[in-house]
Amino acid sequence: MEVVAESVAGIDVHQKEITVTVLIGSAESAKPKKVHARFQTVTFDLKACGAWLKQQDVKQVLMESTGQYWRPVWQILEPFGFNMILCNPRIIKNIPGKKTDQKDSEWLSELARYGLVSTSYVPPRQIQELRESTRLSKSITQQMTRLKNQVHDILQRSNIKLTTYVSDIFSGSGRRILALLENGEVINLANIEQAGTGKRGYRLKATPKQILASLDGALSYNDRFLMAMNMNLLASYQRELINLESRIYEQLEAFSELYHRLQAIPGVGEGTAQIIIAEIGSDVSPFPDAHHLASWAGLCPGSYESAGKKHGAHTLHGNKYLKTALITAAMAAKSTKQTGLRDFYWRLCSRMGKQKANVALAHKLLRIIYVMIQTGATYQEYKKSQRTEDTLTPKI
């Protein structure tokens, strides 16, 4: 194998310490010089590690993306001027046998020496902070959904069928009726009518008698206690989510122009545009083309060939945040009226099924996004009629 780097370091990262192996030797040398060292992960020791690597004349440093442990190591070593490479742990599994931290770091340094591993995308600090905010927003939203489901479970096991007549029990009239249940009040037609009355009068579709019948269940004291606790937690999450959304809008001010251009794409709303910028950034130069970006996002099927025969392969895991957002956007885009994206989806459905067509549409959206970020272009609608005209127009 050809040596692509003559002075490299492989770092096995853990919470408490890092193990470093340095390989130094020219391409002509049969066996490079090997040096090992261990450092604690406190800032002082990591800076000492950077100085030690400089003394060893290291040019390139390779490490795994192990949870969040790699981030402080990267941030402290990067200013020393090394060619930093972050790689996915799935693609650098060590040779089976005895496993030690030193052997892991040796394996990493050998991979770096021969250039056998691809670099993972590490966005600028500004994008990293936006990414942290959007991912926390998604986590909070998921926690709120879990709390709502627990309230639904309490009502169902108590044989209270309020959700049959009220679509959203966590806002407006539904929330006021829930408060009656939490407080253990005697429920009658009068307080149901009062709870269902808003600024413009009675707005519930169901009659008060239907609501009263649906509340005739066996809600115990413990159920009321648990329901009140879940509702309090839900309210606190809602307050913090509002604060977090304000912070996200502040972080997006630097990307305001791109943020609004992305929302011109059918199916891409504010939330999806936020995730796109947080995961990809405003610069796609780390990705050679749109297909590399699609592979990184997990929206590109793999290839499998054996004995001269090619077989289909599933899409890879990729970036789950970006992948989920784009598939959701594709589901919205296919429901739009008179758009080229809708036509594209239904053309594919006839030969590959709806699920695969939806992933293919998400892949197309990502290619569009790549070009928009790369060139600064705005989205232009391309309808079925235009495609037909282009097909019928004679080529000169």
Side-chain angles (χ1 to χ4, degrees), residues 1-129 131-132 281 283-288 292 296:
M1 288 184 289
E2 182 182 357
V3 175
V4 299
E6 298 182 348
S7 180
V8 300
I11 303 180
D12 188 47
V13 182
H14 295 276
Q15 180 181 9
K16 187 177 180 181
E17 67 176 11
I18 61 174
T19 303
V20 187
T21 296
V22 175
L23 294 181
I24 303 173
S26 63
E28 292 76 18
S29 60
K31 191 173 183 180
K33 177 184 175 183
K34 189 181 298 184
V35 184
H36 302 285
R38 292 178 184 266
F39 298 90
Q40 300 295 309
T41 53
V42 295
T43 302
F44 176 80
D45 262 23
L46 291 178
K47 289 182 177 179
C49 174
W52 179 77
L53 291 174
K54 274 293 186 183
Q55 292 175 359
Q56 302 296 326
D57 198 28
V58 169
K59 304 298 183 184
Q60 185 169 284
V61 176
L62 174 67
M63 69 178 73
E64 293 178 301
S65 57
T66 51
Q68 298 295 323
Y69 300 144
W70 68 271
R71 295 186 61 176
V73 180
W74 178 285
Q75 291 168 4
I76 292 174
L77 294 184
E78 190 176 27
F80 284 89
F82 305 119
N83 177 24
M84 304 289 293
I85 298 177
L86 183 71
C87 56
N88 193 318
R90 289 201 310 269
I91 62 176
I92 57 170
K93 296 296 183 183
N94 204 341
I95 300 173
K98 295 181 179 179
K99 182 189 181 302
T100 63
D101 294 342
Q102 182 172 312
K103 285 185 178 293
D104 285 346
S105 63
E106 287 180 17
W107 179 244
L108 290 170
S109 59
E110 289 178 9
L111 292 174
R113 178 174 170 82
Y114 295 109
L116 296 177
V117 65
S118 56
T119 305
S120 294
Y121 171 51
V122 181
R125 183 62 187 169
Q126 189 177 18
I127 296 297
Q128 289 185 36
E129 292 178 350
R131 177 182 290 184
E132 291 162 359
D283 179 19
V284 292
S285 60
F287 304 97
H292 282 80
W296 176 78

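Only this structure's heavy atoms are used, side chains among them; waters, hydrogens and symmetry mates stay out.
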| message | Does Q128 form a side-chain contact (heavy atoms from CB on, under 4.5 Å) with V122? I'd like the steps, not just the answer. | response | CA-CA 8 Å; Q128 289 185 36; V122 181; 3.8 Å; yes
Does the side chain of [Y] come within less than 4.5 Å of [X]'s, by heavy atoms?
X	Y	value
V8	L62	no
M63	I18	no
I11	V61	yes
V58	S7	yes
W107	D12	no

Could you give the distance from [atom1] ([X]) to [atom2] ([Y]), rounded to the nearest 0.5 Å?
X	Y	atom1	atom2	answer
K103	H36	NZ	NE2	9.0 Å
C49	E17	SG	CD	11.5 Å
E6	L23	CD	CG	12.0 Å
C87	L108	SG	CG	6.0 Å
N88	E64	CG	CD	9.0 Å

| task | Take the angle between the ring planes of W296 and F287 and call it parallel below 30°, perpendicular above 60°, tilted in between. | result |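 Rings of W296 and F287: tilted, 30 to 60°.
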Quick check: closest heavy atoms across [X] and [Y], and the distance to 0.1 Å?
X	Y	result
A51	F80	N-CE2, 3.6 Å
D283	Y121	O-OH, 4.4 Å
H14	T41	O-CG2, 3.5 Å
M84	E78	CG-CA, 4.2 Å
S65	P89	OG-CD, 3.4 Å
E106	S109	O-OG, 2.7 Å

Donor-acceptor pair, side chain of [X] and main chain of [Y], under 3.5 angstrom:
X	Y	result
R113	G25	yes
S120	L86	yes
T119	I85	no
Q60	A112	yes

| message | Any carboxylate oxygen within less than 4.0 angstrom of a Lys/Arg side-chain nitrogen, looking at R71 and E132? | response |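 Looking at R71 and E132, the cut-off is met.
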| query | Between K54 and F82, is NZ or CZ placed under 6.0 angstrom from the six-membered ring centre and within 45° of the ring axis? | reply |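 Positive - K54 is close enough to the ring of F82 and near enough to its axis.
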| request: Go through the steps for D104 and T19 under the test side-chain contact (heavy atoms from CB on, under 4.5 Å), then give the verdict. | output: CA-CA 9 Å; D104 285 346; T19 303; over 6 Å; no
| task | I would like to know whether T21 and K34 meet side-chain contact (heavy atoms from CB on, under 4.5 Å); could you show each step before the answer? | result | CA-CA 7 Å; T21 296; K34 189 181 298 184; 3.9 Å; yes
